Amino acid sequence: MNISGSRRIRLFSALVDACFHEKYSLPRLLKDAIAGVTVGIIAIPLAMALAIASGVPPQYGLYTSAIAGIVIAICGGSRFSVSGPTAAFVVILFPVSQQFGLSGLLLATLMSGFILLLMGLARFGKLIEYIPLPVTLGFTSGIGITIGTMQFKDFFGLSMATVPEHYVSKVAALVMALPTLDFGEAAIGIVTLGVLIFWPKLGLRVPGHLPALLAGCAVMVILMHTGHPVATIGSRFHYLLPDGSQGNGIPSILPHFTLPWSQPGGTGLSWSLVQALLPAAFSMAVLGAIESLLCAVVLDGMTGKKHHSNNELIGQGIGNIVSPFFGGITATAAIARSAANVRAGATSPVSAIIHALLVILALLVLAPLLSWLPLAAMAALLLMVAWNMSEAHKVVDLLRHGPNDDILVMLTCMSLTVLFDMVIAITAGIVMASLLFMRRIAMLTRLTEVAAEVPEKTLVLRINGPLFFAAAERIFSEIRDRSEGMRVIVLLWDRVAVLDAGGLNSLRQFINALPGDTELRLAEIPFQPLKTMARARLHPIKGKLSFYSTLQGAL
């Protein structure tokens, strides 16, 4: 049964459902091939740009798209998702790569894969539904702001010896470096970004990434003919060949099996290293789970199909376990590439597999050409990704029309993501959202007087709403104030859907505090509160507490 969030664990569920349970034909293969090529054109430059932004050479982004893209497509639970390096991870991966190098980053990725696998096996797939919109909007916008800020250096060709780790220091360093602005690099970035912005207005089906890069390269050629030096992938990144010689740019070598902790510059595998990387690995896993499941939900809305949330987490986990052994950094489903996959006509995970094969082909055939891509143009690509990720229109809409509580949660998550850490932001956001939600629900619980003929010194009140810990103390305090001098208090419970331990405790305290000549009568108690009272052994007390099935009986 194909139900989103189904508790059943089925490996390869998306591939099996799309290609075996449904007839897979040659026309569907052609559609998947067209979609795979389209997404591959988008993924190749983005994968390199995201690897550079994460602090590693660009080929590792291609390795990630190739290996993780194939493994997750085969093992996952969403038939249209395309996985690879994503912008959301940059804020986590960059500090790890700077502190622990490539080997540390690959080991953290491997650890995050095991955490994702455990999350899927523990059936955590449905937990995405419990993360409020202001929280997701806040941390994704914060990530977009952080990524955008990180691109200014290459976009404007600024000269900076080091880039500070903390955001405020980073902004201050960028401002101090403004006098070193390179107008040639800025021209490449502006032209590339301009094409990316205006290309969709032409209404063409060809993605704008390739034309934008070609436009940036055209400006680069003009600058180089005038003798102006331009920073490219080939000028910044180098690699060692098997014979010991050094190459520039991207090696035309397929990803090969290597232990993640044995990469050049690594210190080997140790328990202390695992402990040091565990917080980052957990952050990667949490963000990967959120991103992949959000992506799957978006694709469900676009296609009318349903994903398997737990199977998707397992697929993401396996992908991030396998990928580091071939040089792949952290991967998850990318909403932009997956949406392009659907719009291009994809029908199954085969399109994501074809996209990965195209990346491998580009690595073998186009590596010398890719090494000429200007870094300013790659920064422009990431600026566009950061803008799209920030979802500025949704942020503005929430600021203009949303409840004050939701605005506060969103701004808090955004600020904490930018200034501190994504996991701190999500944790604080969920706690804040939960507390504010409980406060709103508690305020909905209120007392109303019941219109009925009652004897003298008798008070009849109806409790409207859940009687839980956040509301119970206030409600019984109000009853106490309104019942002074009364001999009989009748509480109508027909609209109390929930009674929890806090509410039960407040009820007991109220009963114990009743004057000796006052009786409390509870009427029309629904099943859940009645069951809670029965389990707590709350029995009738002669002359003090009694229960009635109807209001009329209580009177």
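Just so we're clear, the structure is a prediction, and the values are computed from it rather than from any experiment.
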Here the gap from Arg487 atom CZ to Ile489 atom CD1, rounded to the nearest 0.5 Å, amounts to 11.5 Å
Test item: Val490 and Leu459 side chains (from C-beta on) under 4.5 Å apart, heavy atoms: no
Output the distance between atom CG (Leu287) and atom CD1 (Ile143), rounded to the nearest 0.5 Å. 5.0 Å
Within a radius of less than 6.0 Å around CE of Met302, do more than 12 heavy atoms belonging to other residues, nucleotides or ligands occur? yes
Closest heavy-atom contact between Asn320 and Thr330? OD1-CA, 3.5 Å
Full working for side chain to side chain contact (heavy atoms under 4.5 Å, CB included) between Arg343 and Ser338: CA-CA 9 Å; Arg343 295 191 190 102; Ser338 301; over 6 Å; no
When you look at Phe124 and Leu118, which way does the side chain to side chain contact (heavy atoms under 4.5 Å, CB included) test go after all the steps? CA-CA 9 Å; Phe124 283 0; Leu118 292 174; over 6 Å; no
Show, in sequence, the C-alpha distance, side-chain angles and deciding distance for Lys305 and Glu22, and conclude whether the salt bridge (charged side-chain N to carboxylate O under 4.0 Å, His left out) test is met. CA-CA 13 Å; Lys305 301 291 185 179; Glu22 299 174 12; 3.6 Å; yes
For Glu524 and Thr550: C-alpha separation, side-chain torsions, deciding distance, then whether side-chain hydrogen bond (donor to acceptor under 3.5 Å, both in side chains) applies. CA-CA 5 Å; Glu524 300 187 21; Thr550 65; 5.7 Å; no
Exceeds 12 heavy-atom contacts within 6.0 angstrom, atom CZ of Arg480: yes
Checking Asp494 against Arg462 for the salt bridge (charged side-chain N to carboxylate O under 4.0 Å, His left out) test, could you report, in this order, the C-alpha distance in whole Å, the side-chain angles of both residues, the deciding distance, and whether it holds? CA-CA 8 Å; Asp494 60 330; Arg462 170 180 273 121; 3.0 Å; yes
Tell me whether Asn311 contacts the main-chain N or O of Arg10 through its side chain, where contact means a donor paired with an acceptor under 3.5 Å. yes
Heavy-atom nearest pair, Leu382 first then Ala53, reads CD1-CB, 3.5 Å
NZ of Lys544: more than 12 outside heavy atoms within 6.0 angstrom? yes
Working for side chain to side chain contact (heavy atoms under 4.5 Å, CB included), residues Leu383 and Phe152: CA-CA 9 Å; Leu383 277 175; Phe152 288 164; 3.9 Å; yes
Nearest atoms (heavy-atom pairs only) where Asn310 meets Gly125: OD1-N, 2.8 Å
For Thr64 against Ala331, the heavy-atom pair lying closest together: CG2-CB, 3.6 Å
Flag side-chain contact, heavy atom, 4.5 Å: Arg521 against Val488: yes
Approximate separation, where rounding is to 0.5 Å, of Leu294 CG and Thr140 OG1: 8.5 Å
Any heavy-atom pair between the side chains of Ile430 and Ile426 that's under 4.5 Å? yes
Validation row: Arg446, Glu478 side chains within 4.5 angstrom (heavy atoms): no
Does the side chain of Glu519 come under 3.5 Å of the side chain of Ser546 through a donor N or O and an acceptor N or O? yes
Taking CG in Asn404 as the centre, count heavy atoms belonging to other residues, nucleotides or ligands within less than 6.0 Å. Is the count above 12? no
Inter-residue atom distance Ile463.CD1 - Leu499.CG, 0.5 Å rounding: 9.0 Å
Identify the heavy atoms of Arg508 and Leu538 that sit nearest to each other, and give their distance. NH1-CD1, 3.9 Å
Would you check if Phe282 and Ser112 make a side-chain contact, meaning some heavy-atom pair closer than 4.5 Å? no
Measure the spacing between CD1 of Ile72 and CD1 of Ile353 and express it to the nearest 0.5 Å. 12.0 Å
Check the side chains of Ser477 and Glu473 for a donor-acceptor pair under 3.5 angstrom, ignoring hydrogens and angles. no
Any side-chain heavy-atom pair from Asp405 and Phe437 closer than 4.5 angstrom? no
Side-chain donor or acceptor of Ser351 paired with backbone N/O of Gly36 under 3.5 Å: no
Check: Val274 and Leu278 side chains under 4.5 Å, non-hydrogen atoms: no
Straight-line distance of Gln99 CD to Leu277 CG, nearest 0.5 Å: 8.0 Å
Decide whether Tyr167 and Thr149 meet the rule of one side-chain donor and one side-chain acceptor closer than 3.5 Å. yes
Quick one: do Ile525 and Tyr548 satisfy side chain to side chain contact (heavy atoms under 4.5 Å, CB included)? Show the steps, please. CA-CA 8 Å; Ile525 305 173; Tyr548 297 88; over 6 Å; no
Say whether, by atom type as modelled, one donor and one acceptor occur between the side chain of Asn388 and the main chain of Met384 under 3.5 angstrom. yes
Are any of the side-chain heavy atoms of Leu467 and Val498 separated by less than 4.5 Å? no
No-hydrogen, no-angle side-chain donor-acceptor test under 3.5 Å, Thr448 and Asn464: yes
Does atom CD (Gln275) have a neighbourhood of more than 12 heavy atoms from anything else shown, all under 6.0 Å? yes
Specify the closest pair of heavy atoms between His355 and Ser83, including all atoms of both residues, with the distance to one decimal. CE1-O, 3.9 Å
Would the number of heavy atoms belonging to other residues, nucleotides or ligands and lying under 6.0 Å from CH2 of Trp387 be above 12? no
